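Worksheet: the structure to be examined is printed underneath.
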Number of protein chains: 2
Amino acid sequence: MAKAKKAELDLSTEEKIKEAASIVFTKKGYGNARTRDIAEEAGINLALLNYYFRSKEKLFQIVMAERIDKLFGVLGPVLNDESTTLEQKLERITESYINMLLEHPDLPIFVLSEIRNNPEQLSNRFQARKNLTESVFIKQLMARRSDVNPFHFLMNLLGMNLFPFVAKPVLQPILGNEEMYRQLMEQRKKLVPAWMKLILDKG
Amino acid sequence: MAKAKKAELDLSTEEKIKEAASIVFTKKGYGNARTRDIAEEAGINLALLNYYFRSKEKLFQIVMAERIDKLFGVLGPVLNDESTTLEQKLERITESYINMLLEHPDLPIFVLSEIRNNPEQLSNRFQARKNLTESVFIKQLMARRSDVNPFHFLMNLLGMNLFPFVAKPVLQPILGNEEMYRQLMEQRKKLVPAWMKLILDKG
DNA sequence: AAAATATTTAATCAAACGATTAAATATTTT
DNA sequence: AAAATATTTAATCGTTTGATTAAATATTTT
């Protein structure tokens, strides 16, 4: 058999296609992305794409699962870390998100708009709710401020961190050049946790 | 001529198509929306759509302009009202946005993702920057807190108000039923201005 | 009412696109 | 090296979809 070589090339080519699909899907969305675009981006022929993945839809499912994980996977480990304070969690989540999103600015808008198009894909909703409500983070928060609804608090944290990237296509031209935008996001690494602490202490 | 009757029907049918287009485009996005969907939603034949509007693209441009105005048109009048304080502006913007978005929850994700797909459409970018930086709101803000970057402040305000709707497809299943979601948004009408005042006074 | 004009439709076209096929090329095993 | 297997491609198929056309129906003007 051609195992060794096959596996090697498989991984390489398959990965190349997935990477290309990720780029094209993220930039254009499912409906506007053409399989020919993806093939070209990957530097391979169109038929090869269907050889590795059965269809556009299948390829999309795989890419989408990865992207969802990339967008929300940050949260789990930090929220459930027993060794950090609430304040430290705010700092780490903010730092992680801003760093990650500076490299993948259109990840949130892609994931959120595709989930809107196909809400069923978010089938782990019960799991998500349970994971969240039973997290160390929520416990710490409720111990500190039993009067603050944790969901409000989380929406604020995520809103402050994700929204500037969701709205980047609008904000960036208003702010001026890319560098100015980047500077502001860098500043927010310290500012967002400070604002959230304000809500935590004086809200 | 058939002026009177024509104009009447024109308006009615044209408006019916635009309304249908708005619904279908907003729900599915440009790429996933089919002109046949729009025609069916409007209760008319496909050809009629191209009779009134030259093409899908043209129809989309018109709908898009209206949607952008709906999403950001709220801001202008409030931000430039000389007769209200900074605090009142925070309250009014929040109240306006949450009320409007409770009726049109998928407006932000639609507008923002379509602008990402076609950034040129945001050609009024210089105008937007000037309008913003010269607004009464920014003047009031800088007079009060010269140390706070107004853009950060605005991102926070918009983030707290818009993000829960941008992320609704994710949040809603986690929160439980639609009613719970609605309740939280109603609460935020008072909470968001309070949090923003915190940043204003103690940030 | 007749003519002119506007509105609406069914049928069809042409291009775009996802997918398949069969053949060619490359790689691995024997 | 020959055979077997895996990888890659060019060409093509069938559907979907945006758009057009020509004819029918409705409305307005004369």
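In what follows, chains carry the letters A, B, and so on, assigned in the order in which the sequence lines appear, proteins first and then strands, with residues in each chain numbered from 1. In this text, all values refer to a predicted model and were calculated from it rather than measured experimentally.
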Item to complete: Would you check, one step at a time, whether the test side-chain contact (heavy atoms from CB on, under 4.5 Å) holds for A:M160 with B:M155?
Response: CA-CA 7 Å; A:M160 287 199 204; B:M155 281 190 243; over 6 Å; no

Worksheet item: Of A:L157, A:V78, A:N161, which is the lone residue that meets side-chain contact (heavy atoms from CB on, under 4.5 Å) with A:L90?
Response: A:L157

Take the protein atom [atom1] of [X] and the nucleotide atom [atom2] of [N], then report the distance between them rounded to whole Å.
| X | N | atom1 | atom2 | value |
| --- | --- | --- | --- | --- |
| B:R54 | D:dA19 | CZ | P | 9 Å |
| A:L48 | C:dT20 | CG | C1' | 14 Å |
| B:E14 | C:dT7 | CD | P | 10 Å |
| A:L49 | D:dT8 | CG | P | 13 Å |
| B:F60 | D:dT17 | CZ | C1' | 17 Å |
| B:I17 | C:dT7 | CD1 | C1' | 11 Å |

Discussion item. Wobble G-U and Watson-Crick pairs count when both distances are under 3.5 Å; given that, what is the 5' to 3' dot-bracket string of DNA chain D, with | for pairing to other strands?
Written reply: ||||||||||||||||||||||||||||||

Is it true that the side chains of [X] and [Y] contain a donor and an acceptor less than 3.5 Å apart?
| X | Y | answer |
| --- | --- | --- |
| B:N99 | B:K189 | yes |
| B:E57 | B:Q61 | yes |
| A:R188 | B:N156 | yes |

For nucleotides 23-26 of chain C, give me every protein contact, N/O to N/O, under 3.5 Å, one pair per line with atom names.
none

Fill in: Annotated protein contacts, base or backbone, on nucleotides 10-18 of chain C with a non-hydrogen cut-off under 4.0 Å, one of B, S, - each
B------BB

Discussion item. Could you work out, with ring pair (Phe, Tyr, Trp, His ring centres under 6.0 Å) as the rule, every residue matching B:Y30, not counting sequence neighbours?
Written reply: B:F25, B:F60

Worksheet item: Excluding sequence neighbours, so at least two apart, what forms ring pair (Phe, Tyr, Trp, His ring centres under 6.0 Å) with B:F53?
Response: none

Item to complete: In sequence, state the C-alpha distance, the side-chain angles, and the governing distance for A:D37 and A:K28, and then conclude on salt bridge (charged side-chain N to carboxylate O under 4.0 Å, His left out).
Response: CA-CA 10 Å; A:D37 296 339; A:K28 303 192 169 191; 3.3 Å; yes

Worksheet item: Restricting to pairs with a member in residues 75-99 of chain A, which pass ring pair (Phe, Tyr, Trp, His ring centres under 6.0 Å), not counting sequence neighbours?
Response: none

Worksheet item: Are OP1 or OP2 of C:dT8 and a side-chain N or O of B:Y51 less than 4.0 angstrom apart?
Response: no

Practice prompt. Identify whether the distance between the nearest side-chain nitrogen and carboxylate oxygen of B:E66 and B:K18 falls below 4.0 Å.
Written response: yes

Discussion item. Run the salt bridge (charged side-chain N to carboxylate O under 4.0 Å, His left out) test on B:E103 and B:K70 for me, step by step, so that the C-alpha distance in whole Å, both residues' side-chain angles and the decisive distance to 0.1 Å come before the verdict.
Written reply: CA-CA 12 Å; B:E103 282 183 33; B:K70 179 125 199 147; over 6 Å; no

